[in-house]
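Order of the sequence lines fixes the chain letters, A, B, ..., with proteins taken first and strands second; residue numbering starts at 1 for each chain.
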Number of protein chains: 2
Amino acid sequence: MLIRTSADLGAVIRDRRKRLKLDQASLAKRIGVSRQWVIEVEHGHARAELGLVLRALDALDIRLDASTEQTKSRGSEKPAVDINAIVAKAKKSKT
Amino acid sequence: MLIRTSADLGAVIRDRRKRLKLDQASLAKRIGVSRQWVIEVEHGHARAELGLVLRALDALDIRLDASTEQTKSRGSEKPAVDINAIVAKAKKSKT
DNA sequence: CACTTATGTAGCCGAACGGCGACATTTTAT
DNA sequence: ATAAAATGTCGCCGTTCGGCTACATAAGTG
């Protein structure tokens, strides 16, 4: 699943937890956090600590992959040549 | 790339930033955080806020994928039947 | 119905976050 | 070598984290 927001993450975690037939308390113990933490994260708490979240994913055997392959381009992406640098140089050596 | 730790995340972010020829200040502005935040995260700050990290990945067009497909099994994984529940019930109706 | 379990909520607390400004250090370019 | 930019470090500060205890609802079972 594609992760965009903390809510996505929370959903993934909750689904996986249920699939593994774990209750929040057990999962919390596995991860080493409080039960409330699990609750908040499953609800999409955006300000949770990155490290704890990663531990949670590990405890649930969820793989996280980062890739730069993108389907939707959003304007200028990978300029084969760094136009900016060229322009900058051009500006400097004006005369 | 597989993300296990915050250091992995930091490396991915830094690589991608350089690949995009951005300096930390510009990236920070894109994400909406301070320049120091970028520094710390690139260094693997484990306690960074999840939401900000996700914003960073988005700003760099890095896709995050969560999957439960795993190569290395680590003990008991997907018990087809929930033995625990069964045992629990058995214990209860002991007589 | 009464009983157990799971989940969610509230307040208190120490600790750390992240922003800010200023400075030190490293790297890059001329 | 000189200048400029990029990167990293340091306090200060308001805000929030995450753990804790206790309580409040669901949700399921006899």
Side-chain angles (χ1 to χ4, degrees), chain A residues 5-7 9-60 81-95, chain B residues 5-7 9-60 81-95:
Chain A
T5 73
S6 47
L9 222 308
V12 168
I13 290 179
R14 162 156 285 186
D15 286 357
R16 180 67 173 158
R17 173 175 66 79
K18 293 206 164 177
R19 224 168 170 303
L20 255 38
K21 300 247 190 278
L22 288 172
D23 57 36
Q24 297 172 334
S26 321
L27 176 57
K29 208 158 107 186
R30 268 205 201 186
I31 306 174
V33 296
S34 69
R35 188 170 60 86
Q36 287 85 344
W37 185 89
V38 174
I39 295 176
E40 298 206 341
V41 168
E42 287 190 352
H43 283 217
H45 186 40
R47 314 193 59 168
E49 288 186 11
L50 174 61
L52 298 182
V53 172
L54 292 177
R55 290 232 302 268
L57 296 178
D58 187 61
L60 292 170
V81 284
D82 33 317
I83 301 166
N84 291 338
I86 296 175
V87 173
K89 281 204 174 184
K91 266 203 250 179
K92 278 197 171 179
S93 55
K94 185 165 28 191
T95 303
Chain B
T5 73
S6 48
L9 223 308
V12 169
I13 290 178
R14 161 156 286 184
D15 286 358
R16 181 67 173 158
R17 174 176 64 80
K18 293 205 164 176
R19 224 168 171 308
L20 256 39
K21 300 246 190 279
L22 287 172
D23 57 40
Q24 297 172 334
S26 320
L27 175 57
K29 207 158 111 186
R30 269 203 200 186
I31 306 173
V33 297
S34 68
R35 189 170 59 84
Q36 287 87 340
W37 185 90
V38 174
I39 295 175
E40 298 207 342
V41 168
E42 287 192 353
H43 284 219
H45 187 37
R47 316 191 59 166
E49 288 185 12
L50 174 62
L52 298 181
V53 172
L54 291 176
R55 290 232 303 268
L57 296 179
D58 187 62
L60 292 169
V81 285
D82 33 319
I83 301 167
N84 290 340
I86 296 174
V87 173
K89 282 205 174 185
K91 267 201 249 181
K92 278 195 172 179
S93 54
K94 183 164 31 190
T95 304

> Side chains of B/L52 and B/R55: closer than 4.5 Å at any heavy-atom pair?
Replying inline: yes
> Atom NZ of A/K18 to atom C1' of C/dT5: distance rounded to whole Å?
Replying inline: 14 Å
> Given atom CG of A/D23 and atom P of C/dG8, what is their separation to the nearest angstrom?
Replying inline: 12 Å
>> Rounded to whole Å, please give me the gap between CZ in B/R55 and C1' in C/dG18.
In response: 12 Å
>> When you measure from the side chain of B/R47 to the backbone of A/E49, do you find a donor-acceptor pair of N or O atoms at a distance under 3.5 Å?
In response: no
> Starting at NZ of B/K21 and ending at P of D/dA5, how long is that distance when rounded to a whole Å?
Replying inline: 18 Å
>> In this structure, how many angstroms lie between the P atom of C/dG18 and the CD atom of A/E49, rounded?
In response: 9 Å
> If you round to the nearest 0.5 Å, how far is CD1 of B/I31 from CG of B/L54?
Replying inline: 11.0 Å
> Counting just side-chain N and O atoms, does A/R17 come under 4.0 Å of either OP1 or OP2 of C/dA6?
Replying inline: no
> To the nearest 10 degrees, how far apart in direction are the end axes of the helix from C/dC1-D/dG30 to C/dT30-D/dA1, each fit to five base pairs?
Replying inline: 60°
> Once you round to the nearest 0.5 Å, how far does CZ of B/R30 lie from CG of B/D58?
Replying inline: 10.0 Å
> A/V38 and side chain to side chain contact (heavy atoms under 4.5 Å, CB included): which partner among A/Q24, A/H43, A/R14?
Replying inline: A/Q24
>> Whole angstroms only, please: what is the CG-C1' distance between B/L52 and C/dC17?
In response: 10 Å
> For the atom pair OG (A/S26) and CZ (A/R35), what is the distance rounded to the nearest 0.5 Å?
Replying inline: 11.0 Å
> Is a side-chain donor or acceptor of A/R17 paired with a backbone partner of A/L22 at a separation under 3.5 angstrom?
Replying inline: yes
>> Among residues 35-47 of chain A, which ones have heavy-atom contacts with DNA chain D below 4.0 Å?
In response: A/Q36, A/W37, A/H45, A/R47
> What's the spacing between A/R19 CZ and A/L60 CG if we round to 0.5 Å?
Replying inline: 12.0 Å
>> What I'd like to find out is whether the side chain of B/L9 reaches to under 4.5 Å of the side chain of B/I13, using heavy atoms alone.
In response: yes
> Can you check the A/I31 CD1 to D/dG18 C1' distance for me, whole Å?
Replying inline: 13 Å
> With a non-hydrogen cut-off below 4.0 angstrom, is A/A48 in contact with a base, only sugar-phosphate, or nothing?
Replying inline: sugar-phosphate
> Atom CD of A/Q24 and atom P of C/dT9: how far apart are they, to the nearest Å?
Replying inline: 10 Å
